[in-house]
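Contents: one structure, followed by commentary.
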Amino acid sequence: MEGAELDYDVLIIGAGVVGCAAARELARHEKTGTGMKLKIGVLEKEPDVGFGTSSRNSAVIHSGINYAPGVLRAYLCVRGNMMMDKLCAELKVPIKRIGKLTVALTKTDLPGLYRQKDQGEANGVPGMELMDNAEMRAIQPGIEGILGLWTPTSAIISSYGLTIGLAENAHANGVDFHLNCAAESIKSPPARGGSFEVRCSGGRTYRSRLAINAAGLRCGEVSAMAGAGSFNIWACRGEYYVLDKRLNGSLKTLIYPVPGPGDPGLGIHLTPTVDGNILIGPSAVYIPDEDREDCRTTSGVAAALRREGLRFLPGLAASDFIRSFAGNRPKRTPPEKGGNADFVVEESSVPGFINLVGIESPGLTSAPAIAEMIRDIVKKHIPISERSGFAAERPGFAGTFSELPLARRADLIVTEPEYGEIICRCEQITKREIRQAIENPLGARTLSSIKYRARAQMGRCQGGFCGPRIVRMMRDEYGFEPEEFFLRGKSRMFSGRVRDAGLGEHPGNRDEGGWV
Amino acid sequence: MGAPEVIERGLAVIGGGPAGLAAAIAAKEAGADVVLIERDRILGGILNQCIHDGFGLHRFGEALSGPEYAGRFIDRQRELGIPVMRNTIVLKLSRDRRLLTSQAGRLTEIRAGAVVLATGCRERPRGALSIPGHRPSGVYTAGAAQSFVNMENIMPGKRVCILGSGDIGLIMARRMTLEGAKVEAVFEIMPWSGGLPRNIRQCLSDYGIPLFLSTTIVGVSGMGRLEGVTAARVDERGQPVKGTERFFPCDTLLLSVGLIPENELAREAGIALDPLTGGALADENCMTDAEGIFSCGNALHVHDLADMASEEAERAGRCAAAYVSGGPLSPGGPSVEIRPGLNVRYVVPGRVSLPGASRGRDGVALAFRVTAPRREAVVRITGGDVTVREERYPRLHPAEMVWTRLRGEDLGGLEKRVRALEVNVL
Amino acid sequence: MSGSTIKGEFLCVVCPNGCILEAEYEEKGEGGRELIFFAGNRCARGEKWVRQEIEDPMRTISSSILVRGGDFPLASVRTTAPIPLTKVRDVMDEIRKAALDAPLYIGQVVLVNPAGAETNIIVTRGVAALRHR
C-alpha cells in the first residue's frame, strides 16, 4: 500500500476530530451502483490523530446557546450535540450529560443571560430552564448567583477518546491513515474532474479526486497550497490546570459565567472531566508572535488559574494541581477585534477542494455535523450511498476496566488474565489495556498515544510509576530500542543505553574538566 | 463466577519495601499470621533502584546498597516463611479491614484482622510545581530516571539540569555524571540544600557540579525534546527576581522536589490524614484512627534513612500482631496530642497515650523536622507552661529528621488538664 | 610549581553534629595536597576526616554491569572498599567494559582489583537467569 501510486477518492488533510469524523462518515458510503467503497485517505503530520486542538480543550459538548441564530456554528453545534449519544455508544467513548448552568451573578449579567436563552430557543436547544438560586443549589450546592440558565444537553466527553474512536472505527472500515505525514505541496487539478496531487514529507505523493482541508491551526497554509484562497488564522491560547481526582464529585454540573460580547472564549471556569478530574481554564490569549502550535504555559496565566481554582474550591492543596497544559484556538478574528467569527465549511474556489476554516469552539461538538456537510459536498462530485457492510460499532467498552462493575471485572479477569495486572497505579490501568493501546490499529506508538488510549500516565503521579513499566513492556515484548521511544512527535525520550554490549570506550565528560 | 475469592488472614501488610518487610517480619516473629502484598515482581520496593551505598549503617553497622539492605530482610522473610503475593495490587481498602486485591487472572478479597499500610511515597510531579513553558520530552522525576538508568539500562539524556537538591537528585547527578552525562547544574529554591551534606560533597563537589541555592526554574523550552531551562534567583518569599534569569541548555531535566506519602487507599477508606506530613494521623503504636489499621515508613511520613523506616515499621508490625491476638495494645487512659511548635515543620506521632509513654524504659519515639537549619539548637517539649523535656543539639537541618524520645518520667509533672504537647526548637 | 595555600570550610560528614572545619592546605603539584591547619572539629574523627578528605579523599562507587540472559538487563554492583577519588574514573571504565552471565547472586565478586585499585566489585542485587533469552 506504500508508494506514489496511491489513489483516493477523498483525501483528508488533518486527523483532528473533524478530519476523523469526516473520514468515518464517508467510510459509511459506497459509490452508487458500483458496490465499491469510497477510497479515503487521511494525512496527519503528527505521529497520532488528535494531537492538536482536538485534545487540548475543555472536552465539553455544548448545547448551542452561545451562537446567534442562523449562523453555521449554531446549526452545527445543536445538530452535533444531538448526534453525540448514538455516536459515543457506537464508538465506546465516555460521555456524561451533566448539563450546564450559565449563571448571572448580578443584575448586569441578566441581559446577557436572556440573550443566551433567546438564542438557544431560536437554535432549537431542547430542555432549557431559567432557575433561581434555590433551584440552582438543588443541582450544585452552595452556588452563588441570582439567576441561571440550565441547559440539560450540555455534556462532558473524552475529547481525545472521541477523535481516536472516530479514527479507529474509520480505519476498521477501510480508511487509510498516514501518520507522520505532512502535506508539503498540493497540485490542484487543471480542470474539473482531475485529481489533486499532494506531496508529503518523506517524499510520498498521494493523488486524490477530492481533497478536504481539515488542518486546524494550519488550515490557512493548506488552503494557500492548493490555491484555494488564503485565510488569516490567529492562534488564541487557552491554558488549563488539571486537578487531582480527590476532588471528583465536588462539581455536579458545568458552571459558566455569562460571556461578554467581545470575549474570545467562554471565560475561565471549572469543568469536570469524564475521567473524574477537574479542569480550571481556559484562558484566552492571542499569540501573534509565536508559532501557532506553540502550546506553552505561562507563569502569569498559571497564577491566575490557581487563584481562580482556590476561589471556587478553597480546600485546594498544592498537590491537587497535577498538570497544566494549553491548547490553541484557530481564530478567524484578529486580536484587536476579538470575539468569534463563524465556521467556514465550503467547497473552495478550486472545485473539489473543501475548506474547513476557523473550526474552534464548538468544533468538538460540531464534528459529526460538519462531517455530514462534507459528505453532502462530496456527493455533488461522486454519487455515493450508504453501504450495508459498514461496521458502526467499535469493540470493547467505554471508559477504563476499573470503572466496570466488580462482578464483570471478576469475570473478565478470568478470561483475560492481564486485566488483573495493574500497570498504572493512579488510574488503575491494567496491562491488558496498555497492550491494546500499544497495539492500536493506527500504528501510533508514542507514549502519548498510549496515554490517550489507556489513560495510563494521566494520574496524580503523571507517569512517574507506570512510565518505566510501560517502557519496559514495549522493550521486552515489542522490541523497542531506547532510541525508538517518543513522547509525541520529534520528542525522543531517551539517548540510548547505559551499558551496551561491545561498547569499550564511553564518551564521557572526562575531557571537559568536570572530573576531579 | 462474578465474585472475587475471599480469604481470611490475621494481618495483611501492604507494600514489600523496607517498611513492609520489616513490619511483616516483626509481626511474624510476634506470632501473627501474616501475608505480605507487593505490587512489583520483586520485593524491596524503591530500594531495588537505590544502588548507591549508605543503607544499614544504623541497623547493620555497614554501608550497604539499597538492594543488599532489602536482601537482608528478604532472607529473613524467607526463613520465616512469610507468604508473599507478588505482582498484586490493592485496589481498595475499607475501614473494616477488607482489601480487594488484583493480580493476573484473579481478584481476591482479603479479610484481615489487622492491616499495615507500608505503601511508601511518590515523587512530586512537574504539575505540582507549575513550571511554565513547553511540555517537551526529557523531563523526568529523579526517581523515574533512576529507575530507567539502574533497572532498565536506559539513559534518559546527555546534558542534564536538576531541580531540587533532595538526596535522590544528588545521587542521580553523580550517577549520570559517571555514566557520561554532563550535569550542568542543580537548582534549589531554598537558601539551603535539601540533601544530606555527605551527598552534596560526594555527588556534586567531587565532580564540580554547581549547586545554585535560592534559585528555581522559571521556564522549560523545547517543542519536541527539551532544549534548555531558564533559571532565576528567588527572593525571601520564593518569588523569582526579574532580571536574574539565565538560560541553561540541556536535554534532560530531573525533578527532585519532594516526596508525597502514598495514601490513596487510606484516604478512600476515610482514614484521617495529617496535612503537614501527608501521612495518616497515627498514635505511638502507628495505629491510624481506623481500628486495627496501622501505617509506617514513608507512607506515614517521609524518612531520610531506610533504617529508621524499618525501625518504625517493626513497631507497627509488633503492635499490629498484638492487636490481632487481642492483647493489650495500648493501656488506654488519657492521651495527649503532639504538635509542632516553634520552628518545627511536623511531629510524628500526632497522639501519644500517657500510659503508653510510661511503658518500658524507652518510652515513645518522636520524629520531627525543623523548618530551617539551626546550630546550637535547644529542643524543648512543653505541655502548657511546663517544660517536660529539653535537649541540646549542635546542628539541626530540615533534610535530617530528628528522633527523640518521650519517657514516662518526662510526663510526671504534667497537669491533667494538659491535652497537647508542643515540640519547639529555639 | 607548588606552594599555593588554599583556605576552605569543610562540613564534617562523620556524624550528625556536622562540625564546620576551617582548613588550610597546600597544593603540592600533580594533584598532591597537604593539610597545614585546621580548626572547628569537636573530636579526633573530624581531624582524621578532614586530613583524608584533603590529602587523599576516598570514595566508594556503586554502578551497574551489563548482564546477559538475566531477568534484568543490569546487575547493580559496588566496591567493597573505598578507593581514591582519583581512581574513580579508571574503575568506572573497568565496570563499563565488563559483562556478566546470569544468574548472579548478592555478594558475588565479579571484578578483582579493577584498574589496580585495592577493592573488589561485588554484585548487590541477584539476577536470575532467563531461560528463553
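If you're wondering where the values come from, they're calculated on a predicted model, not measured in any experiment. Numbered from 1 within each chain, the chains take letters A, B, ... in sequence-line order.
- With a 4.5 angstrom heavy-atom cutoff, C:Ile95 does not touch chain B via any of its atoms.
- Looking at heavy atoms from C-beta onward, B:Arg395 lies out of side-chain contact with C:Ile20 at the 4.5 angstrom threshold.
- More than 12 non-hydrogen atoms from other residues, nucleotides or ligands lie less than 6.0 angstrom from CD of C:Gln52.
- The number of heavy-atom neighbours closer than 6.0 Å to CZ of B:Arg41, taken from other residues, nucleotides and ligands shown, is above 12.
- C:Arg59 is listed as a side-chain neighbour of B:Arg201, based on a closest heavy-atom distance under 4.5 Å.
- The distance from atom CD1 of C:Ile106 to atom CG of B:Leu64, rounded to the nearest 0.5 Å, is 9.5 Å.
- The side-chain heavy atoms of C:Leu85 and B:Gln202, taken from C-beta on, include no pair separated by under 4.5 Å.
- Inter-residue side-chain proximity for C:Arg125 and B:Met151 is flagged as met; some heavy-atom pair is nearer than 4.5 Å.
- Note that the CG atom of C:Leu11 and the OG atom of B:Ser205 stand 10.0 Å from one another [nearest 0.5 Å].
- For B:Ile200, no part lies near chain C; criterion is any non-hydrogen pair under 4.5 Å.
- Residues C:Phe72 and B:Glu152 form no side-chain contact, since every pair of their non-hydrogen atoms from C-beta on lies 4.5 Å or further apart.
- A side-chain N or O of C:Ser63 and one of B:Arg175 form a donor-acceptor pair less than 3.5 Å apart.
- In terms of heavy-atom pairs under 4.5 angstrom with chain B, the leader among C:Ile61, C:Val77, C:Val123, C:Thr60 is C:Thr60.
- When heavy atoms are compared at a cutoff of 4.5 Å, B:Ala63 approaches chain C solely by way of its backbone atoms N, CA, C and O.
- A distance of 6.0 Å separates OG in C:Ser62 from CD1 in B:Ile51, rounded to the nearest 0.5 Å.
- Both tests do not hold together for C:Arg78 against B:Tyr69: distance to the six-membered ring centre under 6.0 Å, angle to the ring axis within 45°.
- With rounding to the nearest 0.5 angstrom, the OG1 atom of C:Thr124 is 9.5 Å from the CG atom of B:Asp53.
- Proximity to chain C (any heavy atom under 4.5 Å) is shown, for B:Glu62, by neither the backbone nor the side chain.
- Contact annotation: the side chain of C:Val88 approaches that of B:Leu178 to within less than 4.5 Å [non-hydrogen atoms, C-beta and beyond].
- Atom OG of residue C:Ser64 and atom CG of residue B:Asn150 lie 5.0 Å apart, to the nearest 0.5 angstrom.
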